[in-house]
Amino acid sequence: MKGHYGNYGGQFVPETLMHPLEELEAAYMDAQRDPNFQLEFDQLLRNYSGRPTPLYFAERLTARWGGAKIYLKREDLNHTGAHKINNCLGQGLLARRMRKKRIIAETGAGQHGVATATVCALLGLECDVYMGDEDIRRQELNVFRMKLLGARVIPVSAGSKTLKDAINESMRDWVTNVRTTYYMLGSVLGPHPYPLMVRDFQSVIGREVRAQILEREGCLPDVLVACVGGGSNAIGLFYDFVEDKQIQMIGVEAGGRGPNLGDHAARFAGGRPGVLHGTFSYILQDADGQVVPTHSVSAGLDYPAVGPEHARLHDTGRVIYTSVNDREALNAFHELSRLEGIIPALESAHAVAHAKKLTLRSPQLVVINLSGRGDKDVTEVMRLMSGE
Amino acid sequence: MTRIEKRFAQLKSDGGKAFIPYVTAGDPSLEITLELVLALEKAGADLIELGVPFSDPIADGPVIQRATDRALRNGVTLQKVLKLGENIRKKSEIPLILFSYFNPLLNHGLERLAKDAVSMGFDGVLASDLTLEESGPFVRTMRGAGLNTIFLVAPTSSEERMKRIAEASTGFLYAVSRTGVTGERQELAADLKEFLRTLRSYTKMPIAVGLGISRPEHVQAVWQEADGAIVGSAIVKEIEEDMRDPDVDLVGMVSAFARWLKDPSGK
């Protein structure tokens with residue numbers, strides 16, 4: 001069977017979408033074999049997005065925490081401010097190759113929406129982005145950016161008004177306009193081939209880290225830490241190191257307000273395997289198999305399912321999944337801003353917060369994936385600080 | 001033979017066509033759904049699709065999304081829908097199809113679902129987001145218990161897929177009339193006739209057509225080419241409109257609407 005990670009993954013969609021998924025898979029496999037596609041993708045990553053992104057030694061953070069050497073993989077320095085552009089450039093080229101003129105996407109924090117809108121502007125494609133009302137409120141800067149870039153932002157008022165509902169609406173649009181529309185899914189989620197394709201486009205992160213740390217330190221890192229919403233920045237960092245068994249890899253989910261169902265987005269702590277949005281993976285659901293609302297201070301982690309490859313990495317024990325709560329993430333947001341002059345996205349702040357809690361010895365090397373920058377979160381943090 | 005297979009065989013020998021209403025179970029309440037099903041049978045329904053509400057109905061348009069929300073707020077669970085089947089079965093022999101997204105079924109456990117569905121009087125199961133590729137254990141378990149497994153086939157399905165879906169389906173084949181989510185439409189898709197003829201060339205199994213069938217002329221047009229017409233959103237919308245006014249006889253109105261859909265001349 002295609003697109004499975006152990007028991008996880010697969011294709012659980014209305015039949016109308018199956019032929020389009022087969023076409024997408026064939027087009028992707030064909031593009032993978034085409035050196036011109038790879039060349040164009042690599043050149044855009046380099047010349048348009050500014051890759052390779054730096055691997056930065058956070059000296060003051062290292063001194064403050066008093067243990068291992070902390071490196072930050074600066075995905076926040078990508079064009080548009082997060083790792084999301086890696087995937088969008090790849091899928092944008094693929095959509096153009098498939099002669100699709102219209103792109104749809106979902107967005108939570110707005111980073112994938114902005115990256116999609118950017119790539120659509122670059123390639124001259126029409127762009128509609130679905131975004132939950134709650135996320136539109138808390139990520140208003142990104143909403144305006146998408147509009148500036150020529151995209152239409154379509155508000156979603158159903159359900160919890162967050163990422164999950166934006167994906168529902170994107171899938172409804174896609175099933176309706178499937179003959180003309182390309183669905184640019186933003187994470188390692190959804191039906192095959194999306195988890196595979198998005199992982200491949202993001203795996204540049206880990207490949208760069210390997211080369212950079214070898215150059216700087218002459219050895220591989222001991223620990224890799226990344227936040228996990230859908231899981232694309234984490235898989236992007238981890239994928240190249242999966243076979244290096246000595247390296248500890250940690251995925252950090254959103255602990256939200258606390259451990260009760262509905263208060264967090266820690267799928268591996270509070271979820272069970274099930275089917276949502278086209279894939280079989282861990283999901284937060286009630287006893288009747290209904291998907292439950294989630295909460296996180298970070299819109300990008302506020303989602304009840306997780307990519308199927310993470311589900312396998314969890315079950316095999318290769319990656320350890322844990323969570324930090326809203327308060328810990330906010331503290332890390334401030335600490336990194338003050339100590340290093342880097343304002344992280346609230347999503348990435350979860351990874352930083354967990355790294356701080358690790359018991360580490362001084363020669364150890366830790367790489368934290370700083371998946372995005374925090375400009376988009378500034379107004380929301382201001383609101384939270386003023387106690388609204 | 002299941003009740004579904006018997007009904008289609010009977011219709012075939014009588015030269016009739018199937019009229020198949022869909023209702024979301026528990027909208028506006030499980031008690032009213034029971035009354036509705038019995039009234040729809042009297043109004044000429046040949047089979048009934050009982051919809052299990054799911055939190056994330058990606059294949060549904062606004063009408064069924066709202067019905068789903070109402071049912072979930074009423075505390076409807078798969079267990080209660082199964083129980084509703086049992087209550088219907090005490091009073092009627094109408095063929096019943098359990099219509100659901102896959103997760104609630106998977107969560108119930110496939111073995112347990114098959115056992116429960118049979119004992120509560122269901123005849124077939126359809127999971128709208130379960131593809132052929134992922135359906136192996138589901139098909140084995142449901143068929144093993146004597147249930148029909150009904151699959152969707154779409155106008156975008158390749159001919160290769162049409163063949164394979166027809167082979168995996170029992171009872172009947174559910175042809176999706178067009179791309180898109182559920183909901184009323186003014187017109188049938190232009191390419192529907194051609195799609196149904198292609199499909200017919202691959203299978204002798206009864207074909208029922210759903211999605212967007214919302215007027216008597218749609219039902220008639222579908223019957224020209226297929227063995228059954230499925231009406232979902234139009235009926236669910238009638239339920240929604242009638243529930244707003246407490247003085248309206250909801251069950252009477254919906255059954256009159258179904259009668260009109262089936263035969264506007266009122267014979």
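The chains referred to below are lettered A, B, ... by the order of the sequence lines, with proteins before strands, and numbering in each begins at 1. Excluded from the calculations below are hydrogen atoms, water molecules and symmetry mates; all remaining heavy atoms, backbone and side chain alike, are included.
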Can you tell me if A:R152 has over 12 outside heavy atoms packed within less than 6.0 Å of its CZ? no
With rounding to the nearest 0.5 angstrom, report the CD to CG distance, A:E15 to B:L130. 10.5 Å
Is the count of non-hydrogen atoms from other residues, nucleotides or ligands lying under 6.0 Å from A:E23 atom CD greater than 12? yes
Smallest heavy-atom separation, A:G274 atom then B:L106 atom, equals CA-CD2, 4.4 Å
Closer than 3.5 angstrom, by distance alone: can the side chain of B:R178 be matched with the main-chain N or O of A:T176 as a donor-acceptor pair? no
Could you state the interatomic distance from CD (A:E22) to OG1 (B:T156), rounded to the nearest 0.5 Å? 9.5 Å
Take a 6.0 Å sphere around CD of B:E241 and say whether it holds more than 12 heavy atoms from other residues, nucleotides or ligands. yes
Can you name the closest pair of heavy atoms from B:S55 and A:Q290 and give their distance? N-OE1, 2.7 Å
Who in residues 160-168 of chain A is close to chain B, using a strict under-4.5 Å heavy-atom cut-off? A:K164, A:N168
Toward chain A, the part of B:E160 with a non-hydrogen atom under 4.5 Å: neither
Just how far is it from atom CD1 of B:I58 to atom CD of A:E169, taken to the nearest 0.5 Å? 11.0 Å
Sort B:P155 into side chain, backbone, both or neither according to what part of it lies under 4.5 angstrom from a heavy atom of chain A. both
Which bit of B:I165 is near chain A, if near means a heavy-atom gap under 4.5 Å: side chain, backbone, both or neither? side chain
Heavy-atom distance under 4.5 Å to chain A: side chain of B:D60, backbone, both or neither? backbone
Do A:D288 and B:Q79 meet the criterion of a side-chain donor-acceptor pair at a distance under 3.5 Å? no
Which heavy atom in A:H19 sits nearest to a heavy atom in B:S158, and how many Å separate them? ND1-CB, 4.0 Å
Region of B:T77 in contact with chain A, defined by heavy-atom distances below 4.5 Å: both
B:F54 portion near chain A, given a 4.5 angstrom heavy-atom threshold: both
Given that the side chain runs from C-beta out, which part of A:V178 has a heavy atom under 4.5 Å from chain B: side chain, backbone, both or neither? side chain
Segment of B:D129 engaging chain A (4.5 angstrom heavy-atom cut-off): both
For chain B, which residues from residues 292-303 of chain A have at least one heavy atom closer than 4.5 Å to it? none
Is it the backbone or the side chain of B:L105 that comes under 4.5 Å from a heavy atom of chain A, or both, or neither? neither
Sort out for me which of B:V181, B:D56, B:V176 touches chain A most, counting heavy-atom pairs under 4.5 Å. B:D56
Take a 6.0 Å sphere around NZ of B:K237 and say whether it holds more than 12 heavy atoms from other residues, nucleotides or ligands. no
Going from OG1 on B:T131 to CG on A:L17, what distance comes out if it is rounded to the nearest 0.5 angstrom? 10.5 Å
Taking the side chain from B:E134 and the backbone from A:F12, do they hold a donor-acceptor pair closer than 3.5 Å? no
Region of B:V52 that comes under 4.5 Å of a non-hydrogen atom in chain A: neither
Around atom CD of B:E86, are there more than 12 heavy atoms of other residues, nucleotides or ligands at under 6.0 Å? yes
